[in-house]
Amino acid sequence: MDTWTIQKLLNWIIDYFTEKGIDSPRLSAELLLSGVLAMKRIELYTKFDKPVDKQHLARLHDLVKRAGLNEPIPYLIGKTEFYSLEFNVSPDCMIPRPETELLVERAVEFLRTHPVRNSVTHKMTQQEEISNGARSGAQFVCDLCTGSACIAVAIAKNFPDARIIATDISDAALNIAAANIEKHRLKHRIKLLHGDLFDPLVPHSDVEKFDLIVCNPPYVSAAEFDSLDKNVKDYEPKLALFAGADGLDIYRRICQKIDLFLKPDAALMLEIGFAQGAAVKEMLQQTNVFAEIKIEKDLNNNDRIVIAKTASKS
Ligand SMILES: C[S@@+](CC[C@H](N)C(=O)[O-])C[C@H]1O[C@@H](n2cnc3c(N)ncnc32)[C@H](O)[C@@H]1O
């Protein structure tokens, strides 16, 4: 009987994915194989001649077939990478996208250059209070629609003085978020709340205004459903994708309450769909909350985030 080495398997999976029209067949094959064998991608090449045992072969056979039917590889292997960090994922949460890294980059830049205001006291947890006690440099961040908590975790990892409250309406997604916060040992700096946008913040008397609010909300319109890739529309949670007839429902609802939650000199950063920049900017202007509103493009030259800043207190 032929021995299945890593090299032979990799080539077979690449050929299979190419035949099935899967995007980036080599990368997809590497991710699946390294995920199942619990190896780094580079190790596939340094251990090319290593035989793969029967149990792994059986599991791979099943997963390769499922990937060939467009099931997303991060769901099949239960993890993905975002902002150079590993995150657990499951079909209960959206798979973090590379485009969203721009939002994190701008958020971290903002926090690093933003003057600290100590006038408002936040108490996130008793534990938090203790670790916060001696820190005057803490900046308070809210991540609405947190999903896997990829944005909150990436910000916290890159800005040690961030204290973050992250909310989501999906309990199932929050379970994944909790696992990721635990995985990155950030329980003392990120607090999860369940509920509709700002609603879970209001009954928490310990929550006041934020230095920064970030949000990657659902923003797909009902009409766009058919144009979505099969791996998105058949597998990712609808709750994470759709936001009403024009895809703008969540932005509208954020605008209704945003003045209650931002400090002076603070920022709101929203990920948007490529055609939503003008509409979201207009909505934000109508709140009369912001002194400056800017749309930023991603590497593909598509509008990707809106950054809105409140005025300094005179
Ligand atoms: C596009 S996903 C973003 C997930 C994650 N922040 C990311 O960037 O990968 C949107 C998330 O919003 C949540 N969501 C949808 N409607 C919501 C609402 N009304 N209030 C709070 N969260 C909501 C969904 O459960 C989903 O996790």
Side-chain angles (χ1 to χ4, degrees), residues 72 74-75 79-108 141-157 164-181 184 186 190-204 207 212-222 224-225 228-229 231-233 235-244 247-258 261 268-274 276 280 298 304-306:
Y75 289 157
K79 62 183 182 181
T80 194
E81 203 177 282
F82 176 79
Y83 219 75
S84 303
L85 297 164
E86 189 179 286
F87 286 89
N88 293 1
V89 290
S90 85
D92 288 328
C93 69
M94 190 168 111
I95 300 164
R97 303 292 203 271
E99 301 90 272
T100 305
E101 294 182 342
L102 179 64
L103 184 72
V104 174
E105 207 174 311
R106 292 296 172 266
V108 172
V141 180
C142 176
D143 175 26
L144 297 170
C145 300
T146 195
S148 61
C150 59
I151 296 175
V153 167
I155 291 175
K157 282 296 240 188
I164 305 177
I165 292 183
T167 78
D168 202 287
I169 203 162
S170 159
D171 253 330
L174 285 174
N175 287 335
I176 304 292
N180 284 320
I181 290 165
H184 292 286
L186 290 167
I190 305 177
K191 178 175 180 173
L192 291 173
L193 296 176
H194 173 243
D196 186 1
L197 296 178
F198 295 111
D199 283 2
L201 304 181
V202 179
H204 276 254
V207 177
L212 171 66
I213 297 179
V214 290
C215 180
N216 175 18
Y219 55 72
V220 180
S221 70
E224 285 170 303
F225 181 77
L228 292 179
D229 287 343
N231 57 350
V232 176
K233 70 178 167 199
Y235 294 99
E236 298 208 71
K238 305 270 179 291
L239 197 54
L241 297 172
F242 297 103
L248 298 169
D249 279 7
I250 300 284
Y251 304 114
R252 268 186 209 101
R253 295 184 48 227
I254 289 175
C255 285
Q256 284 164 7
K257 296 212 173 147
I258 193 68
F261 294 99
L268 169 68
M269 299 190 184
L270 301 169
E271 179 165 321
I272 54 166
F274 71 95
Q276 293 173 327
V280 174
D298 61 22
R304 181 56 61 195
I305 54 174
V306 178

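Counting starts at 1 for both ligands and their atoms, in listed order. These numbers were taken from a predicted model, which means no experiment stands behind them.
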Open item on the list: Counting the benzene-type ring for Trp, do Phe242 and Tyr219 have ring centres under 6.0 Å apart?
Closed with: no
Task: Polar atom proximity, Ile169 to ligand 1 (N or O, under 3.5 Å) - done: yes
Task: Verdict with supporting geometry, Arg97 and Glu81, salt bridge (Lys or Arg N to Asp or Glu O under 4.0 Å) - done: CA-CA 9 Å; Arg97 303 292 203 271; Glu81 203 177 282; over 6 Å; no
Open item on the list: Between Asp229 and Asn231 (side chain of the first, backbone of the second, donor and acceptor by atom type, cut-off under 3.5 Å), is there such a pair?
Closed with: no
Open item on the list: As an exercise, identify every atom of ligand 1 less than 4.0 angstrom from a heavy atom of Arg253.
Closed with: 19 (N)
Task: Closest protein heavy atom (residue, atom, distance) for atom 20 (N) of ligand 1 - done: Leu197 N, 2.9 Å
Task: Any Cys93 side-chain heavy atom under 4.5 Å of Pro237 side chain - done: no
Open item on the list: Using the ring centroid of each side chain, check whether Phe198 and Phe261 are separated by less than 6.0 Å.
Closed with: yes
Task: Heavy-atom proximity to atom 2 (S) of ligand 1, best of Pro96, Ala240, Pro200 - done: Ala240
Task: Neighbour count >12 (heavy atoms, 6.0 Å) for atom CZ, Phe225 - done: yes
- [ ] Record the part of Cys150 in heavy-atom contact with ligand 1 below 4.0 Å; permitted values are side chain, backbone, both and neither.
- [x] side chain
TODO: Could you tell me whether Thr146 approaches ligand 1 through its side chain, its backbone, both or neither, with non-hydrogen atoms closer than 4.0 Å?
DONE: backbone
Open item on the list: Within 45 degrees of the ring normal and closer than 6.0 Å to the centroid, is that where the cationic atom of Lys79 sits relative to Phe87?
Closed with: no
Open item on the list: I'd like to know if the side chain of His194 and the backbone of Pro200 have a donor-acceptor N/O pair within less than 3.5 Å.
Closed with: no
Open item on the list: Asn216 versus ligand 1: do any nitrogen or oxygen atoms come within less than 3.5 Å of each other?
Closed with: yes
- [ ] Between Pro217 and ligand 1, find which residue part has any heavy-atom pair under 4.0 Å and reply side chain, backbone, both or neither.
- [x] backbone
TODO: Among all protein heavy atoms, pick out the one at the shortest distance from atom 25 (O) of ligand 1; state its residue, atom name and that distance to 0.1 Å.
DONE: Asp168 OD1, 2.7 Å
TODO: State plainly whether the residues Asp199 and Arg253 are in salt-bridge range, i.e. N to O under 4.0 Å.
DONE: no
Task: atom 12 (O) of ligand 1: nearest protein contact (heavy atom, Å) - done: Cys145 CB, 3.1 Å
Open item on the list: Side chain, backbone, both or neither: which applies to Arg97 and ligand 1 if a contact is any heavy-atom pair less than 4.0 Å apart?
Closed with: neither
Task: Which of the ligand 1 atoms, numbered from 1, are nearer than 4.0 Å to a heavy atom of Gly195 - done: 20 (N), 21 (C)
- [ ] Look only at interatomic distance and state if Ala173 has a nitrogen or oxygen under 3.5 Å from any nitrogen or oxygen of ligand 1.
- [x] no
Task: ligand 1 N/O within reach of Asp196 N/O, cut-off under 3.5 Å - done: yes
- [ ] Would you mind running through ligand 1 and noting each atom that sits below 4.0 Å from a heavy atom of Ser170?
- [x] 25 (O)
Task: Taking every non-hydrogen atom, the tightest pair across Asp92 and Ala173 - done: O-CB, 3.6 Å
Task: Salt-bridge present (Arg304, Glu105; N to O < 4.0 Å) - done: no
Task: Under 3.5 Å: N/O of Met94 near N/O of ligand 1 - done: no
Task: Protein heavy-atom partner closest to atom 15 (C) of ligand 1 - residue, atom, separation in Å - done: Leu239 O, 3.2 Å
